[in-house]
Amino acid sequence: MLRVSDLHAKVEEQEILKGVDLEVKAGEVHAVMGPNGSGKSTLAQVLAGKEDYEITAGSLELDGEDLQEMAPEERAHAGLFLAFQYPVEIPGVGNSYFLKAAVNANRKARGESELDAMDFLKLLRERATLVDVDEALLRRPVNDGFSGGEKKRNEILQMAVLEPRLAVLDETDSGLDIDALKTVAAGVNALRAENRAFVVITHYQRLLNYIVPDHVHVLLDGRIVRSGGSELAHELEEKGYGGFDGARAEA
Amino acid sequence: MTTGADTRTGPYLELFAGRGAGGPVGARRQQAIERFEAAGFPGSRDEEWRQTNLGPILRARPVPASGQVLGDGGALPFLYPDCDSMVFVNGRYAPAASSPPEGVTAFSLADPAGAGADLLAEHLGASVDGRASCSADAGVHPFAALNTALFEDGVALGIPAGAALERPIQVLWLSAPSADAAAAEGGAQASIEVSFPRLLVVAGENSQASVIETFAAADPAAGGYFVCPAAEFVCGAGSVVRHTRLQADAAGAFHLGFQHARVDRSAAFDSSSLAFGGALVRNDTVALLDGEGADCTLDGLYVLDGSQFTGNHMRVEHRQPHTTSHQLYKGVLDGQARSVFNGRIYVHQAAQKTDAKQTNRNLLLSKAALANSNPQLEIFADDVRCTHGSTIGRLDEEALFYLRARGIGFEEAHGMLVHAFAREVTDKATFEPLRRDLEARLFASLNGVRSNGQGG
Ligand SMILES: Nc1ncnc2c1ncn2[C@@H]1O[C@H](COP(=O)(O)OP(=O)(O)O)[C@@H](O)[C@H]1O
Ligand SMILES: [Mg+2]
């Protein structure tokens, strides 16, 4: 489904991704772990099509299509979803209005009929319950004045409503208390399916107790230095990232 | 007076000569033209006018707008449901197209009768002849004086004391220039059709009314014309007057407007100015808070593209204690559009406990667009709260990316963000048909923005 090969990306003349390889198949859950500043968010943003980053080498493919040729909205239409590490506040745009616009933009792009107000509301209520989002949040402007936890839940709500085929979750767990973490995990697990895949970016192993990954990758200084099964997450928890310095050859 | 001023003012003085000065306000009109003649048009050194290029207007020879008559139903597309209405075409009342309100004194200035004449004699022109004018340094407003001298017709509304009007009153000012008016032939001086719409609203004590002024061209593809309106509001003690001013002139139009409100004790004047059309547009607003507890809210939105220019010049005078003013003007500029916001707040020595707030925010959608913002506070009382803020910014790229990452296309995302910026002003329209119209106009202008703004 997703194939990232030898990806190099820089921002403001500074190389951040220095040759990332990642292959994600339908039905899989991959965890990408790494210390702060290792390039996790850069990878996520590059996947979603953020223009600040310049890709200097390598390739990105979704279902064999070159992502670099696609605008951010086209990537979404193709089924890619990024839960932002720092969701953007958009005063003046109502949350449910935004969600409806998003759902219908995707439906339209895929040649499906747009949902009317009633059908959308039904879908929204159902998914809001699933990920435990208070209806009051739906009436407020997008992320505007939301607490950290509310923002993260709102990302998961968007994911639940948009039903992407590949969801990239960028530190959706940071700053969440254990209850919120369980809700987020429940949202992800509810969506797990044969034809879907997840890339869960996280700093800590904690989330992976609730979302058990098929593969774990360690990203260090812009490179994946090691890949393994879910046991790798536990190893990381014990040893910390220090133990992976210079371990690149094992990857 | 220089020769230059003569060639510019001359044609306007001639218009007056041809018109005469009879009627209940004849003497005041005479006085207005004399003041105009003495002051002349502002020059490039006039601080209040420095940034407004009057050249294109003053180079053309003014001829009274007389053009076309409006066909049956020609005003309908501009009229809101559930409203009383008075329709004017080229500054003249069109009774057949109007349904004037009942229970208020509403009449065309061309034909004032009975009680109407007294209303006029007492109030019309008070804002420009000195009886209720600003502090001396405000000087003569040349276009307000011209309007007083030259208006042919207009509307006066007297709201009886204690009356609360249930329906808004829409005053529609339609311009319908004749097709060939603006064309310059060879070396001949171009002529321009000019009209001088005049509105007077006198709200009795404790009355409530909402007046919507709409400026538009009967044919949106009309060429250049010049509309030079003036509006006066006399807000009696305890009255609540809402005023909406929708400027949706044709793309080539010149519009130099003046509005003046005198707000008495515990009265509230709430005005919303929405500017979408025109090539060169100016809107000068004066609010005099003239009684204890008087309040005014002055909101505005200008949405500009191409080479449009819009200037908003505000003057709020706090003359009495415990007076409050809130100004919020927002601009959306694309193309090479330019805007000026000049906000002067003048707090007199007597006006202790004044609370004045002024905000001007501009959103630039292109590199070449330019917004100017000049707050001017003059405070002569010591126990006051005055704040002002102005910002000039661009579209939030992070927000744009976020929306696009959710599948919302560039154009729609762009429109959503501009709408989010503008709605702080448009949402204040509580009259539903008006709010819907504003939204539609906003989206229509964004469509223009979309088609040429993406590359910028
Ligand atoms: N837009 C940017 N401009 C400048 N530097 C950036 C930008 N984005 C990321 N970086 C830098 O790239 C490195 C990796 O950042 P990031 O991808 O956010 O790491 P992580 O998500 O793993 O914490 C950091 O040194 C960060 O400062
Ligand atoms: Mg990060």
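Below, chain A is the first sequence line, B the second, and so on; all start at residue 1. These values consider heavy atoms only, across backbone and side chains, with no hydrogens, waters or symmetry-generated copies.
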Would one find more than 12 heavy atoms of other residues, nucleotides or ligands at under 6.0 Å from atom NZ of A:K10? yes

Donor-acceptor under 3.5 Å (B:R406 side chain, A:E73 main chain): no

For B:R423, is it the side chain, the backbone, both, or neither that has a heavy atom closer than 4.5 Å to a heavy atom of chain A? side chain

Is A:E74 in contact with chain B via its backbone, its side chain, both, or neither, using a 4.5 Å heavy-atom distance? neither

Nearest heavy-atom contact between B:M416 and A:Y97 is CE-CE2, 3.7 Å

Filtered by a 4.5 Å non-hydrogen cutoff, the part of residues 36-44 of chain A contacting chain B is none

Can you tell if the side chain of A:K50 reaches within under 4.5 Å of the side chain of B:E398, non-hydrogen atoms only? yes

Taking non-hydrogen atoms and a cut-off under 4.5 angstrom, which of residues 104-124 of chain A neighbour chain B? A:A105, A:N106

More than 12 heavy atoms of other residues, nucleotides or ligands under 6.0 Å from CD of A:E51: is that the case? no

Where A:P91 and B:A420 come nearest, the two heavy atoms and their spacing: O-CB, 3.4 Å

Non-hydrogen atoms of chain B under 4.5 Å away: do they reach the side chain of A:Y86, the backbone, both or neither? neither

Under 4.5 Å between any side-chain heavy atoms of B:F401 and A:V88, yes or no? no

Aromatic ring pairing B:Y402/A:F84, orientation class (parallel under 30°, perpendicular over 60°, tilted between): perpendicular

Got a sec, which residues hit side-chain hydrogen bond (donor to acceptor under 3.5 Å, both in side chains) with B:Q376, two or more places apart in sequence or on another chain? none

For chain B, which residues of residues 140-165 of chain A have heavy atoms nearer than 4.5 angstrom: A:V142, A:N143, A:E155, A:Q158, A:L162

Closest non-hydrogen atom pair between A:A76 and B:A405, with its separation: CB-O, 3.4 Å

